[in-house]
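Worksheet: the structure to be examined is printed underneath.
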Amino acid sequence: MSSALLADLRARGLIFQIAGEDDLPAWLDGGVRTLYCGFDPTADSLHIGSLVPLLMLRRFQLAGHKPLALVGGATGLIGDPSFKAQERQLNTPEVVSGWVAKLQQQVSRFIEFDDGPVSAEVVNNLDWTANMDVLTFLRDVGKHFSVNAMIQKESVKQRIEREGSGISYTEFTYMILQSFDFAELNKRYDCTLQLGGSDQWGNITGGIDLTRRLNGNQVFGLTMPLITKADGTKFGKTESGTIWLDAAKTSPYAFYQFWLGCADADVYRFLKYFTFLEVDEINEIERADAERQGRPEAQAILAQEVTRLVHGDEGLAAAQRITESLFSGSIEDLAEGDLAQLRQDGLPASTVSRADFPETLTQMLTDAGMAGSGKQVKDALGRNAVTVNNRSLGWEDNARVAASFEPSEALHGRFYLCKLGKKKYHLFEIGA
RNA sequence: GGAGGGGUUCCCGAGUGGCCAAAGGGAUCAGACUGUAAAUCUGACGCGAAAGCUUCGGUGGUUCGAAUCCACCCCCCUCCA
């Protein structure tokens, strides 16, 4: 039943370390097991960094195990110091609980809740920590931890040893809290496996030790590799910031574009990490791409698969509609309804009335969010990198805003598709 | 509580009285080349169309002139007690 799962995960490169490696395959094969992975509320949405663990829960579920998604209502109040260079700012309980509610909803999209014995559940560690008093915590939980061992953990080492940083007692306690979660889930749900990113190894093994001491049970841990990019830059961030899972924060279109822009050197690896396509299938794609000249197909497949997983068929369709019209089609062919639809679909857009035109294009495009400052627009104009409905504008047009948005050039009387550089589009809807 | 080190533009990091909007690197943006790639090369990179305006932890002061000197304050780190 499940050593096949481990083999698949290994083939995908999704396994970094396993605690209890010798016994885990047999344990998984022996029946329905409950496993969990935690997600701390550090923002009002998860970002794509959480995608691998989320899909991992689903992979286990598909293989016949019961996943628990833990949203850290308690741990989110403390802050995980693991491999963080600096102490983090505490968020207020109100803010955190608001985030918890959002994450619970988000997490739920990736796992199946109505699936018999392997039905997923969402749990919150605030449930078993909120009412625990300090003395009980210190006596029943803290007593099992050796500070000597804790300060040896790689995850907090730089905070303890490196000059220029430090760690508060609060954050130092995080590991104990997370360990307690595992022991508690073991007791409540018979949970015997914890998943996490490789940065969670220290916290996971802490939980394994505590579970053994508190409950006398052997439990397992599995970590996934840190997602890296071939060029060494951080995965999941772009020029415009974090790629969120929330459609309101990162539109399906932007999300789709993110994956489409994936480097050749990364794309096949990412297909294995982020999709449910079979490894053989992915290898086949890679071979086909290698034989073909020019543009590989893998990015399009990756973008399609992941966007569908996160935003559903509708979100994917919207993203592809926009992409198609901007990069392949010609904008003159777009029907009036299509343009309105693009706006609906999440193409950056704004409505301006002629009476409110600013003095300069630099102002107008900066206001629209197309550039961070007028200087950037100036630079782009100077290189003929700005177009409005396919007509290129130059620096000399800067003060001629109205002339740049000639009524006679409007699409369907009111739309102007403005492009800055090669990829940045903005739809202006201009009324009288 | 004591001693010492430090806080510079997104990040790292130079800069100890004018030549400093502040070296260098990274990141980012734009152009060429391309595949809406990569690598490479070029330009931009506090704000502003410009005139000009605002920055070097904070507040005051010295000076014709301060990121640089002085005073006080805040924050961080290390060691000692």
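Convention: sequence-line order gives letters A, B, ...; per-chain numbering from 1.
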In whole angstroms, the gap separating C1' of B/A30 from CD of A/Gln376 amounts to 8 Å

When both distances are under 3.5 Å in a Watson-Crick or G-U wobble arrangement, the nucleotide paired with B/U62 is none

Yes or no on ring pair (Phe, Tyr, Trp, His ring centres under 6.0 Å) for A/Phe327 and A/Tyr425, after CA distance, side-chain angles and deciding distance?
CA-CA 10 Å; A/Phe327 294 97; A/Tyr425 288 92; 5.4 Å; yes

- Taking atom P in both B/G52 and B/U42, compute the distance separating them and give it to the nearest angstrom. 32 Å

Give one of base, sugar-phosphate or nothing for A/Lys419, where a contact means two heavy atoms less than 4.0 Å apart. nothing

Gap in Å between the two P atoms, one belonging to B/C47 and one to B/C11, rounded: 14 Å

- prompt: Contact class for A/Leu361 (heavy atom, under 4.0 Å): base, sugar-phosphate, or nothing?
  reply: nothing

For A/Ala385, answer base if it contacts any base atom (sugar-phosphate contacts may also be present), sugar-phosphate if it contacts only those atoms, and nothing otherwise; contact means non-hydrogen atoms under 4.0 Å.
sugar-phosphate

As its Watson-Crick or G-U partner within any shown strand, both distances under 3.5 Å, B/G1 has B/C80

When rounded to whole Å, the CD1 to C1' distance for the pair A/Ile167 and B/C77 reads 15 Å

Residue pair A/Lys378/A/Gly421 against RNA chain B: nearer the 5' end by closest nucleotide is A/Gly421

Any strand, both distances under 3.5 Å, Watson-Crick or G-U wobble: B/G46 pairs with B/C53

**Asked** Does a sphere of radius 6.0 Å around CZ in A/Arg139 hold more than 12 heavy atoms from other residues, nucleotides or ligands, not counting ones at 6.0 Å or beyond?
**Response** no

Out of B/G35, B/G31, B/A49, minimum distance to the side chain of A/Thr360 belongs to B/A49

Exercise for review: Sticking with atom P, work out how far B/A67 lies from B/G4, rounded to a whole angstrom.
Suggested key: 28 Å

Between A/Thr366 and A/Pro296, the residue closer to the 5' end of RNA chain B by nearest nucleotide is A/Pro296

When rounded to whole Å, the NZ to P distance for the pair A/Lys375 and B/G31 reads 19 Å

Under a 4.0 Å heavy-atom criterion, the protein footprint on nucleotides 36-43 of chain B, written with B, S and -, is BB-----B

Scanning all shown strands, the Watson-Crick or wobble mate of B/U16 with both distances under 3.5 Å is none

So that I know where these two stand, are A/Phe137 and A/Phe180 an aromatic pair - ring centroids less than 6.0 Å apart? no

In A/Phe235, A/Phe258, A/Phe110, the residue satisfying ring pair (Phe, Tyr, Trp, His ring centres under 6.0 Å) with A/Phe274 is A/Phe235

Taken to the nearest whole Å, CZ/A/Arg400 to C1'/B/A50 is 17 Å

Atom NZ of A/Lys424 and atom P of B/C29 are separated, to the nearest Å, by 6 Å

Flag for A/Gln194-A/Gln178: side-chain donor and acceptor within less than 3.5 Å = yes

d(A/Leu103 CG, A/Thr42 OG1) to nearest 0.5 Å is 7.5 Å

Euclidean distance for C1', B/U8 against B/U78 (whole angstrom): 22 Å

B/C79 versus B/C72 - spacing of their C1' atoms, nearest Å: 26 Å

Closest non-hydrogen contact found for A/Ala63 with A/Leu5 is CB-CD2, 3.7 Å

Considering only heavy side-chain atoms of A/Thr362, the closest of B/A30, B/G35, B/A49 is B/A49

Item to complete: Taking atom C1' in both B/A22 and B/C45, compute the distance separating them and give it to the nearest angstrom.
Response: 14 Å

Readout for nucleotides 22-27 of chain B: B = base within 4.0 Å of protein heavy atom, S = sugar-phosphate only, - = neither; 5' to 3' it is ------

Closest non-hydrogen contact found for A/Asp80 with A/Gln200 is OD2-NE2, 2.9 Å

To the nearest angstrom, the CH2-C1' distance between A/Trp259 and B/G35 comes to 20 Å

- Name the orientation class of the two ring planes belonging to A/Phe428 and A/His426 (parallel below 30°, tilted from 30 to 60°, perpendicular beyond 60°). tilted

Are more than 12 heavy atoms from other residues, nucleotides or ligands located less than 6.0 Å from atom NZ of A/Lys249? yes

Checklist entry - More than 12 non-hydrogen atoms from neighbouring residues, nucleotides or ligands closer than 6.0 Å to CD on A/Glu406, yes or no? => result yes

A/Leu365 CG to B/A49 C1', in whole Å, measures 13 Å

Sticking with atom P, work out how far B/G18 lies from B/G25, rounded to a whole angstrom. 24 Å

Whole-Å distance, A/Leu393 CG to B/A49 C1', equals 15 Å

When the P atoms of B/G6 and B/C70 are considered, how many whole Å apart are they? 14 Å

Salt-bridge criterion met for A/Asp209 and A/Arg213 (N-O under 4.0 Å): no

Under a 3.5 Å limit on both distances, the Watson-Crick or wobble mate of B/C41 is B/G31

